[in-house]
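See structure below.
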Amino acid sequence: MTHQMHAYHMVNPSPWPLTGALSALLITSGLMMWFHSNSIFLLVLGLITNILTMFQWWRDIIREGTFQGHHTPIVQKGLRYGMILFIISEVLFFTGFFWAFYHSSLVPTTELGGYWPPAGIKPLNPLEVPLLNTAVLLASGVSVTWAHHSILEKDRINAIQALIVTISLGLYFTLLQIMEYYESPFTIADSVYGSTFFMATGFHGFHVIIGSSFLFICLMRQLKFHFTSNHHFGFEAAAWYWHFVDVVWLFLYVSIYWWGS
Amino acid sequence: MAAGAVSRLSRLLGQSRPPRGRPMSSGSHGEEGSALMGKALTFFVALPGVGVSMLNVFLKAQHGEHKRPEFIPYPHLRLRSKPFPWGDGNHSLFLNPHVNPLPTGYEDE
C-alpha cells in the first residue's frame, strides 16, 4: 500500500465542479429565458442542479476532512486563505452597489427634483424597524462569539445553545425585512432610489439567508460531534461570514437608511 | 527564550489560555475571554438591547397610522421600462396595494 509523503490533500477526482459550472450556465440562461421568453424551465433545472451540487460537494468535503483526516494544519491554512479571499470578493461585490447608491444620491438629477430622497419618496424611518434590525444583527455577532468560545472550551451544551440563539436572531432579521419590504411605501421601480435600495438590501438579505443556513449546518454538525476544540474550521468560516454580513448591514444602515433619508 | 519566560509567567498566574487556533475574530466582539463572558454578554447586553429596540418599534407603531400620501403621477416613479416577468407584469414583487400605487394610481381607490 502506498502512502503519501507530504501533508497536502490530493483530492480524488470529483464531478461536482462540472455539475456546478453547468448549473451556473443553466441558471444564467434560465434567467434570460424567464425574462424574455416567459419560460422558467431552465431556471428551475439550474436551481435544482445548483442545490444538489452544493449539497454533495460540501458533504464530500466534510467526509474528507472530518472522517478521513485529510485536513492537516497546512490544508486548513489553505482553506482559511480560500474563505478570506471569498469574503473579500463579496466585499467588492457589495462595493459596487454602494458605489451605485452614492453615485445617484450625492448628485441627485433634476428628474428626481434635484434632492435626495427624490420627490414623492417617503423613506423608512431609520429609528424604527431598521434600528431593531441593527440590534438583532449585533446581538447575533455576540452570540456567535459565545458559540466559538464554547467550542474552544469543549462546552458542548453552550455551543449548541449559542448557535441556536444566533440562528434564531438571523431568522428574526429575515422575517423583519420581509415585513418591511411588504409595508414599504416605495417599490424597486420607484426611480433610482428604489433600485439602489432594493438591490443593496435585497442582496444583503440573500446573504443573511446564506449565512443563517451555513450556521444551521454548523449546528447540525456540532450535534453530531464533528467539531473538536482545536479543529472546527467549518464553524470559523461560518462565523467569519456572519460577521461580514453584520458589517455590510452596518454600512447599509448608515448609508442608505440613515444618511439617505 | 522570551516565549518560555512568558509561558512560565502565565502558569504562575494560574491562567488557562485558550488555544491559539483563532487567528481571526471580529474587531468589536472578539475579546479574549471565556465562553461565560460571551454568554453573559449575550443574555445581559445583546438580547436586552434587542428587547428595547422591539419595544421602541411597538410604541412607534402605536403612535398612529398615518394617511397614505395622495397619488401624484411623477414620471420618475413607478417605472415600467419592461414588464415584470410574473403575473400581469405590472405589479412589483412585494407590492402592497394599500401603500404602493400602480403607474395609474392606487389599486384600491
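So you know, we letter chains A, B, ... as the sequences are listed, proteins then strands, and number each from 1.
Side-chain contact between B/Val99 and A/Glu183 is absent, with no heavy-atom pair separated by less than 4.5 Å. Contact of the A/Lys122 side chain with the B/Arg68 side chain is not registered, since no non-hydrogen atoms from C-beta on lie closer than 4.5 Å. Within the 4.5 Å cutoff, the side chain of B/Leu47 has heavy atoms near those of the A/Leu169 side chain. In this structure the side chain of A/Leu127 reaches within 4.5 angstrom of the side chain of B/Lys60, judged on heavy atoms.
For A/Ala119, the parts sitting under 4.5 Å from any heavy atom of chain B are the backbone and the side chain alike. Contact of B/Pro97 with chain A is made through the side chain alone, with heavy-atom distances under 4.5 Å. Interface residue A/His36: only side-chain heavy atoms are found under 4.5 Å from chain B. Contacts of A/Val165 with chain B are made by side-chain atoms alone, with heavy-atom separations under 4.5 Å and no backbone atom involved.
Ranked by heavy-atom pairs under 4.5 Å with chain A, the list B/Pro75, B/Ser92, B/Ala40 is led by B/Ser92. Interface summary for chain B: among A/Asp155, A/Leu132, A/Val136, the most heavy-atom pairs under 4.5 angstrom belong to A/Leu132. Put simply, of A/Ser195, A/Gly194, A/Ser184, the one with the most heavy-atom pairs under 4.5 Å next to chain B is A/Ser184.
The aromatic rings of A/Trp146 and B/Phe43 lie perpendicular to each other, with more than 60° between the two planes, well past the 30° mark.
In terms of heavy-atom proximity, B/Pro85 sits nearest to A/Trp34 at O-NE1, 3.5 Å. The shortest non-hydrogen separation linking A/His149 to B/Ala35 is CB-CA, 3.5 Å. For the residue pair A/Gly120 and B/Tyr74, the shortest heavy atom distance occurs at CA-CE1, 3.6 Å.
No more than 12 heavy atoms of other residues, nucleotides or ligands lie within 6.0 Å of CG in A/Asn38, so this atom counts as exposed by the packing criterion. A/Ile40 CD1: 12 or fewer foreign heavy atoms inside a 6.0 Å radius. Within a 6.0 Å sphere centred on OH of A/Tyr115, heavy atoms belonging to other residues, nucleotides or ligands number more than 12.
Within the model, atoms OG1 of B/Thr42 and CD of A/Gln161 stand 10.0 Å from one another, a figure rounded to the nearest 0.5 Å. Atoms CD1 and CG, from A/Ile188 and B/Asn100 in turn, are 12.5 Å apart once rounded to the nearest 0.5 Å.
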Could you give me the CA-CA distance, side-chain angles and deciding distance for B/Leu79 and A/Asp190, then say whether side-chain contact (heavy atoms from CB on, under 4.5 Å) is met?
-> CA-CA 6 Å; B/Leu79 301 168; A/Asp190 285 327; over 6 Å; no
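Remark: the B/Lys39 side chain and the A/Asn158 side chain contain an N/O donor-acceptor pair separated by less than 3.5 Å.
Applying a 4.5 Å heavy-atom cutoff, the residues of residues 49-56 of chain B that approach chain A are B/Gly49, B/Val50, B/Ser53, B/Met54, B/Asn56.
Contacts of A/Tyr172 classified as ring pair (Phe, Tyr, Trp, His ring centres under 6.0 Å), with partners at least two apart in sequence or in another chain: none.
Judged by distance alone, with hydrogens and angles left aside, the side-chain atoms of B/His76 form no donor-acceptor pair with the main-chain N or O of A/Pro118 at under 3.5 Å. At distances below 3.5 Å, at least one donor-acceptor pair connects side-chain atoms of B/Asn96 with backbone N or O atoms of A/Tyr182.
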